[in-house]
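As the structure is a prediction and not an experimental result, all values here were calculated from the model. Because only heavy atoms are used, hydrogens play no part in the values below, and waters and symmetry mates are left out as well, while side chains stay in.
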Amino acid sequence: QVQLVESGGGVVQPGGSLRLSCTVSGRTFSNYNMGWFRQAPGKERDFVASVRWSTFYSDSVKGRFTISRDNAKNTVYLQMNSLKPEDTAVYYCAAGTVGFGRGGNYDHWGQGTQVTVSS
């Protein structure tokens, strides 16, 4: 069974940076489509970024966030710079084997990690 574990969340001031990590079980990580999503209180879950053969970003984070992966470590990262209060949310790592980008198939989800951007 595929398991995803996120880490790296915390509290940061506006303009600050944070890096999230997601470690995935299994030996076929390099084949997975990997994505980051977030959900703010009272809001729907939103797509943030993904990477399989190439990277995709939501307009709201483009230029500020960078998604990357290290297949040797079965880990995907989300480097978040120039953080805004609007970025406050629970961030979820997700994985799938079909498709890519926002519309990709995401069958497996992590437990989420809280990111709070506040002064």
For T97, all residues meeting side chain to side chain donor-acceptor pair (under 3.5 Å), sequence neighbours excluded:
none

Set of residues satisfying side-chain contact (heavy atoms from CB on, under 4.5 Å) with respect to T55, sequence neighbours excluded:
V51, Y57, I67

Which is it for C93 and M34 under the side chain to side chain contact (heavy atoms under 4.5 Å, CB included) test, yes or no, and what are the steps along the way?
CA-CA 7 Å; C93 180; M34 299 299 305; 3.6 Å; yes

Count I, L, V, M, F, W, Y as connected when their side-chain heavy atoms are under 4.5 Å apart, and connections chain through other members. Are V61 and V12 then in the same cluster?
yes

Quick note, salt bridge (Lys or Arg N to Asp or Glu O under 4.0 Å) partners involving residues 40-52, not counting sequence neighbours, are none

Can you check side chain to side chain contact (heavy atoms under 4.5 Å, CB included) on T75 and C22, steps first, answer last?
CA-CA 5 Å; T75 300; C22 173; 5.7 Å; no

Output side-chain donor-acceptor pairs under 3.5 Å for residues 99-108, partner residues at least two apart or in another chain, one line each.
unit_1 : atom_1 : unit_2 : atom_2 : d
N105   : ND2    : D107   : OD1    : 3.1
Y106   : OH     : N33    : ND2    : 3.1
Y106   : OH     : G101   : O      : 2.6

Could you list the residues that satisfy side chain to side chain donor-acceptor pair (under 3.5 Å) with S21, not counting sequence neighbours?
none

So the ring-ring contact (aromatic ring centres under 6.0 Å, His included) pairs with at least one residue in residues 70-99 (sequence neighbours excluded) are none

Below 6.0 angstrom between ring centroids: does that apply to F47 and W36?
no

Residue pairs meeting disulfide (SG to SG under 2.5 Å), one or both in residues 49-89, sequence neighbours left out, come to none

Once ring-ring contact (aromatic ring centres under 6.0 Å, His included) is applied, do any residues pair with F65, and if so which ones, sequence neighbours excluded?
none

Can you sort out the partners of S17 under side chain to side chain donor-acceptor pair (under 3.5 Å), two or more places apart, ordered by chain and number?
N81

Does anything in residues 54-72 form a salt bridge (Lys or Arg N to Asp or Glu O under 4.0 Å)? List the pairs, not counting sequence neighbours.
D59-K62, R64-D87

Taking side chain to side chain donor-acceptor pair (under 3.5 Å) as the test, write out the residues that go with T28, two or more places apart.
Y32

Distance-only donor-acceptor pairs under 3.5 Å for side chains of residues 110-117, two or more places apart:
unit_1 : atom_1 : unit_2 : atom_2 : d
Q111   : NE2    : E6     : O      : 3.2
Q111   : NE2    : E6     : OE1    : 3.3
T113   : OG1    : G9     : N      : 3.2
Q114   : NE2    : A89    : O      : 3.4
Q114   : NE2    : T116   : OG1    : 3.3

